[in-house]
Amino acid sequence: MIPYSRQNINNEDIESVIDVLKSDYITQGNIINKFEDAVAKKVNSSYSYAMNSATSALHISCLALGLNSDDILWTVPNSFVASANCGLYCGAKVDFVDINPISFNISLNALSDKLIKAKKTNSLPKIVVTVDFSGQPVEQEAIKSLSIEYGFYIIEDASHAIGAKRNNNMVGCNMFSDITVFSFHPVKIVTTAEGGMALTQNKEIAEKIDLLRGHGITKNYKNYEKKIDEHWYYEQQYLGYNYRLSEVHSALGLSQLNRLDEFIGYRNNVAKIYDKLLNDLPIQLPNIESVNYSSFHLYVIRLKLDKIKKSYNEIFNGLRNNGIGVNLHYLPIHLHPFYRSIGFKVGDFPESEKYSNEAISLPIFFELKEEEQDYIYKKLKDLLIT
Ligand SMILES: *Cc1c(COP(=O)(O)O)cnc(C)c1O
């Protein structure tokens, strides 16, 4: 089976992990700081905190922005459930904004309309989580203008988009977001096995994130409430969590980061080859805005079902039966049984629902071969036009 994504681990990655295993510190050493600094430098952010997953980083980001049970968080239905769950972890109410059918990212029109209505009913969100879907950056500068007008924070869930750029600004620079989150799960662009990171330009938010990912404990005298300057002393100031990333995982991430540009260059080349191969088929190909450089975490095609004799399932299963590990990103979050149980239903977000009935993620990863792409093209063509 050709998977839709997979990690690429080389000897340098392996050596760097072995070095840590032979060292004194396999957690809470200084490799995590090196990894954090390297990511921050790469994407032009000031503060960066590695955690054991992007899900943890999203949770801590919400807490650091003060989200609680009086608040509302909005995100898009077309994402992994973690983009919404993070709000529920904090006791907040979660709602969704529909997507743009071309970019598959948040719809600016839907967001503006929903904000106008929410202002009238006094139900504005405290946080909007935008998602750089498939690696294509969101129109974040427009969202930022709305955030100033309506007074909400922006968390950019860039789990797909480390290394992507918009108007030549790196995703993660936080020019138009309060916090950006990356994921280092093996299907993502670079991996730490499990892992994530939250980045910000705001010192106050940064200090809060740092505390909350480590039990809410500070060991820094200058921040103590009680001025006890003794080696045995530390203070828990908030209810935090143990969401730290180990030295072993950090070493893998630091080593992987050396190849970020290579990984993304390769993925863009795979996308270019698909664009050419698939051009004549009854499908909508990815539309990357000219000001965007996508990291191409995903290559999503949308079937034009009115021009195809077969059903979605026949095509999806046909590809799987031919050893092509296609996937759906995403079943809309609000249609999962859990979200239905808290009141969402079919018809709530029609663009996301229509999209999910037509979308297929084709394999894309570092070292996917051109022969494999040819094979995928041929099988897809057979299924689509017979
Ligand atoms: C993968 C992913 C996450 C969660 O990442 P983990 O590191 O597995 O917790 C969150 N949001 C999006 C959009 C993702 O793709």
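Indexing begins at 1, ligand by ligand and atom by atom, following the structure's order.
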Any idea which protein heavy atom is nearest [atom], and the distance to it?
atom	answer
atom 1 (C) of ligand 1	K188 NZ, 1.6 Å
atom 15 (O) of ligand 1	H160 NE2, 2.8 Å
atom 11 (N) of ligand 1	D157 OD2, 2.7 Å

For F182, which part has a heavy atom under 4.0 Å from ligand 1: side chain, backbone, both, or neither? neither

Test of understanding: given a 4.0 Å heavy-atom threshold, classify the contact between T55 and ligand 1 as side chain, backbone, both, or neither.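 Within the 4.0 Å criterion, T55 contacts ligand 1 through backbone and side-chain atoms alike.
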
Fit a plane to each ring of Y241 and Y243, take the angle between them on a 0 to 90° scale, and name the class: parallel (under 30°), tilted (30 to 60°) or perpendicular (over 60°). parallel

Parallel, tilted or perpendicular, judged at 30° and 60°: which one describes the rings of Y330 and F133? perpendicular

Strictly under 6.0 Å, is that where the ring centroids of [X] and [Y] end up?
X	Y	value
H334	Y339	no
H329	Y4	yes
F365	F263	no

State whether the side chain of Q7 and the backbone N or O of A193 hold a donor-acceptor pair below 3.5 Å, judged by distance alone. no

Under 4.0 Å to a heavy atom of [X] - the qualifying atoms of ligand 1, by number:
X	value
Y330	15 (O)
S79	13 (C)
G195	7 (O)
A54	4 (C), 5 (O), 6 (P), 7 (O), 9 (O)

Tell me whether ligand 1 is touched by S56 - counting only heavy atoms on the residue side and a distance under 4.0 Å.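 Contact check S56 vs ligand 1: negative.
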
Please confirm whether G196 approaches ligand 1 to less than 4.0 Å, judged on its heavy atoms. no

Are side-chain heavy atoms of F176 and I154 found at a separation under 4.5 Å? no

Should we say atom CD of E12 is surrounded by more than 12 heavy atoms from elsewhere, each under 6.0 Å from it?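 It does not: E12 CD has 12 such atoms or fewer within range.
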
Which option, S53, S159, A57, S183, owns the non-hydrogen atom nearest atom 12 (C) of ligand 1? S159

